[in-house]
Amino acid sequence: MAELPGQIRHIGGRMSQLLEQIYGFSRRSLFRVISMGPIPCHIAFIMDGNRRYAKKCGLEDGSGHKAGFSALMSMLQYCYELGIKYVTIYAFSIDNFRRKPEEVESVMDLMLEKIKSLLEKESIVHQYGIRVYFIGNLALLNDQVRAAAEKVMKATAKNSRVVLLICIAYNSTDEIVQAVKKSCINKSDNIEASNYKHEDSDSDIEGTDMENQEKKIQLVDIEENMQMSVAPNPDILIRSSGETRLSNFLLWQTGNTQLCSPAALWPEIGLRHLLWAILNFQRNHSYLEKRKKQL
Amino acid sequence: MIFIHSIIHAKHLQFFTLSTMLSLLCFLLSLLFLLLLPCLRPCFSAKGSLKDKKKIDKGTYVVGEEEPPKGLRRELMPRHVAVIMDGNRRWAKQAGLLTSQGYEAGAKRLIEFAELCFKLGINTVSAFAFSTENWGRHKIEVKCLMYLFQRYLKSKIQFFQSKEIRVSVIGNLAKIPESLLGIITEIEDATKSYKKKHLILAIDYSGRFDILRACKSIVKKSEQGLIREEDVDETLFERELQTKCTEFPSPDLLIRTSGEQRISNFFLWQLAYTELFFSPVLWPDFDKDKLLDALASYQHRERRFGCRV
């Protein structure tokens, strides 16, 4: 009689394992069908709604972010299974530093814990061979988080299958200003170097013209100096919780990105939202390709 | 006897196989249905955004030049509304008209839209009339558009003066015809003194080139010693963008019609905290009711700018 609950638990465990395997199989079959059409190369996520989720479920403030992290892991799994190479997530904005200090501290602690866990053998990073980038003004982070981030970037530098870009202490306007400053510095360095070369050479090149040419900053100079230049522009941007705004995220890069704003809060986001975004992307894909060729 | 048994057995087997296949098919279909059921409702619909939890305080109706019927609050009106006027060609095709007639209807709609916005207390209206990427369209279509801008702007100079609407045109303007450039200068000069209502037309505009232009301007100023490198920050950068002609360079609300959910290289920097509203309606059909829907949706939104309100 005493063995009965244990047996029931054992059977229950086996059943849930079986159901999970069936679900995984159906999901991968569905992905094979969807992959018949064009698949986006890069998807970006704004993970909005964690605090509202915690409030809705009557949990304490920090639990919303923890639930959000599980949702993120599932999303990453689906994306990489589908063959999407680049995934960018908006983890923490520079504006978020203006929140209550206790909240900022708890989010930083959670991020430190999760960043460290990326280096563990069972983590998703090793499962999918992910190269991780931390994009943002990392000088604004505390030493521990910054050190952990740099360690993860170094440890995953050799991975090349798929890429995860984590935007932390990030603002698009800050990224643009930094890129502009860098391009100015690079340009003036180039001019100095070429002046030095012209002094030595005996050629008849009109130095003034070359200088003027090199002095002009081009679009490509700014683009090269953007931190996000390690990835192509996102094809889809998904913001959860129904809010339709960019909140200073990837402004330069999302000029032609398809924007989706499902009403679900981030911890509630699921496979169906991702599939719907991809189906919409496939619907518009041929028109966008035609336009790109026109340019 | 054995023969009859075998027939019955075979029939049972057939029936069994058929029923297994049918139940497997039903299972797969229901799984697909369950996965996609929430997606059968549109991801974002113009009306859906009105089902926000916030209740409208029915006691505070707007009292202004134009009394909006849907209970909008004047103090919550956006100061700057931007619009991507998409869908003119599709509208013309649906109505069995020429593309040029679609653009005409679109231009007419813009004037009505701007007038209505100003009556509701909105200070600045900016419209994406022609993108740098639109040069890739058919030459005749582009020529027709340039001619339409020229004709419309010329015919409306007196109208803008009588309504005291300031008109500015932003964009690269390097490739546009001289005649249109002349009209633009004329209309800008004629209306530059007006302050309360501002209509900005983005012609040959690209968000990226706007940023590049600001960058070049900053480089030039730093070479001339007017600014130092350490002074370059977001505020200074914003002052170098083409939207410096208005007191409110960042739109509070961006409306894009025709159902497409993209920015298409319109304002990039300026849209950092802008509320986006995507309407499935084609631009020439975007009438007063649709605008009021968009404004109602805007007023229901909680703008946090990254912090907790």
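To find a chain, count down the sequence lines: A is the first, B the second, and so on, and within it residues start at 1.
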Student: Is it true that atom CD of A:Glu105 has more than 12 heavy atoms of other residues, nucleotides or ligands lying nearer than 6.0 Å?
Tutor: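 No, CD of A:Glu105 has 12 or fewer neighbouring heavy atoms, counting only those of other groups under 6.0 Å.
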
Student: For B:Trp269 and A:Asn248, what are the C-alpha separation, side-chain angles and deciding distance, and is it a side chain to side chain contact (heavy atoms under 4.5 Å, CB included)?
Tutor: CA-CA 8 Å; B:Trp269 177 286; A:Asn248 214 337; over 6 Å; no

Student: What part of A:Asn171 lies closer than 4.5 angstrom to a heavy atom of chain B: side chain, backbone, both or neither?
Tutor: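 Side chain of A:Asn171 only, per the 4.5 Å heavy-atom cut-off to chain B.
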
Student: Could you tell me which portion of A:Arg283 (side chain, backbone, both or neither) has an atom closer than 4.5 angstrom to a non-hydrogen atom of chain B?
Tutor: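 For A:Arg283, no heavy atom lies under 4.5 Å from chain B.
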
Student: For the residue pair A:Asn256 and B:Ser264, what are the closest heavy atoms and their distance?
Tutor: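 What the structure gives for the nearest pair is OD1-CA, 3.6 Å.
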
Student: Minimum heavy-atom separation for A:Gly255 to B:Leu268, with atom names?
Tutor: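 What the structure gives for the nearest pair is CA-CD2, 4.0 Å.
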
Student: Side-chain contact, heavy-atom cut-off 4.5 Å: B:Ile211 with A:Ile176?
Tutor: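 Contact flag for B:Ile211/A:Ile176 side chains = yes.
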
Student: Between OG of A:Ser247 and CD of B:Glu275, what distance do you get to the nearest 0.5 Å?
Tutor: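 Nearest 0.5 Å value for the OG-CD distance: 8.0 Å.
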
Student: Just give me the residue among B:Asn265, B:Leu236, B:Leu212, B:Ile218 that pairs up with chain A most often, heavy atom to heavy atom, under 4.5 Å.
Tutor: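 Among the listed options, the one with the most contacts to chain A is B:Leu212.
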
Student: In this structure, are over 12 heavy atoms from other groups packed under 6.0 Å from A:Leu19 atom CG?
Tutor: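 Result for CG/A:Leu19: enclosed.
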
Student: A:Glu243 versus chain B, heavy atoms under 4.5 Å apart: side chain, backbone, both or neither?
Tutor: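 For A:Glu243, the side chain is the part near chain B, not the backbone.
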
Student: Looking at B:Gln224, I want to see if its CD is surrounded by more than 12 non-hydrogen atoms of other residues, nucleotides or ligands under 6.0 Å.
Tutor: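 Count over threshold, so yes.
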
Student: With side chain to side chain contact (heavy atoms under 4.5 Å, CB included) as the test, would you mind laying out the steps for B:Phe237 and A:Thr173 before giving the verdict?
Tutor: CA-CA 9 Å; B:Phe237 204 90; A:Thr173 44; over 6 Å; no

Student: Examine whether an atom of A:Leu246 lies under 4.5 Å from a heavy atom of chain B, and if so say whether it belongs to the side chain, the backbone or both; otherwise answer neither.
Tutor: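 Backbone plus side chain of A:Leu246, per the 4.5 Å heavy-atom cut-off to chain B.
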
Student: With the side chain counted from C-beta on, respond yes when B:Leu271 and A:Arg245 share a heavy-atom pair under 4.5 Å apart, and no when they do not.
Tutor: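 With C-beta onward as the side chain, the pair stays apart.
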
Student: Would you indicate whether the side-chain heavy atoms of B:Arg262 and A:Asn284 approach each other to under 4.5 Å?
Tutor: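 When only atoms from C-beta onward are counted, B:Arg262 and A:Asn284 do touch, with a gap below 4.5 Å.
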
Student: Is A:Tyr78 atom OH crowded by more than 12 heavy atoms from other residues, nucleotides or ligands, each under 6.0 Å away?
Tutor: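 Result for OH/A:Tyr78: enclosed.
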
Student: Determine whether A:Asp174 and B:Glu234 satisfy the following criterion, side chain to side chain contact (heavy atoms under 4.5 Å, CB included), listing intermediate values before the conclusion.
Tutor: CA-CA 7 Å; A:Asp174 179 66; B:Glu234 292 173 30; 3.6 Å; yes

Student: Answer yes or no: does atom CD of B:Glu247 have more than 12 heavy-atom neighbours from other residues, nucleotides or ligands under 6.0 Å?
Tutor: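 Counting neighbours around CD of B:Glu247, 12 or fewer heavy atoms of other residues, nucleotides or ligands fall under 6.0 Å, so no.
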
Student: So what's closer than 4.5 Å to chain A heavy atoms on B:Glu260: side chain, backbone, both or neither?
Tutor: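 Just the side chain, heavy atoms under 4.5 Å.
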
Student: Is it the case that atom NZ in B:Lys93 sees more than 12 heavy atoms from other parts of the structure closer than 6.0 Å?
Tutor: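 Atom NZ in B:Lys93 is not packed in, count stays at 12 or less.
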
Student: A side-chain contact here means heavy atoms from C-beta on lying under 4.5 Å apart; do A:Leu251 and B:Phe267 qualify?
Tutor: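 Not touching, per the 4.5 Å side-chain cut-off.
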
Student: Side chain, backbone, both or neither: which part of A:Ser172 has a non-hydrogen atom closer than 4.5 Å to chain B?
Tutor: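 Looking at A:Ser172, nothing touches chain B.
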
Student: Please check if the side chain of B:Gln261 supplies one atom and the backbone of A:Leu259 the other of a donor-acceptor pair under 3.5 Å.
Tutor: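 Confirmed, B:Gln261 side chain pairs with A:Leu259 backbone.
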
Student: Do the non-hydrogen side-chain atoms of A:Lys181 and B:Val232 ever get within less than 4.5 Å of each other?
Tutor: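 Yes, side chains in contact.
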
Student: If you compare all heavy atoms of B:Arg208 against all heavy atoms of A:Glu223, which two are closest, and at what distance to 0.1 Å?
Tutor: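 Minimum heavy-atom contact is NH1-OE2, 2.6 Å.
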
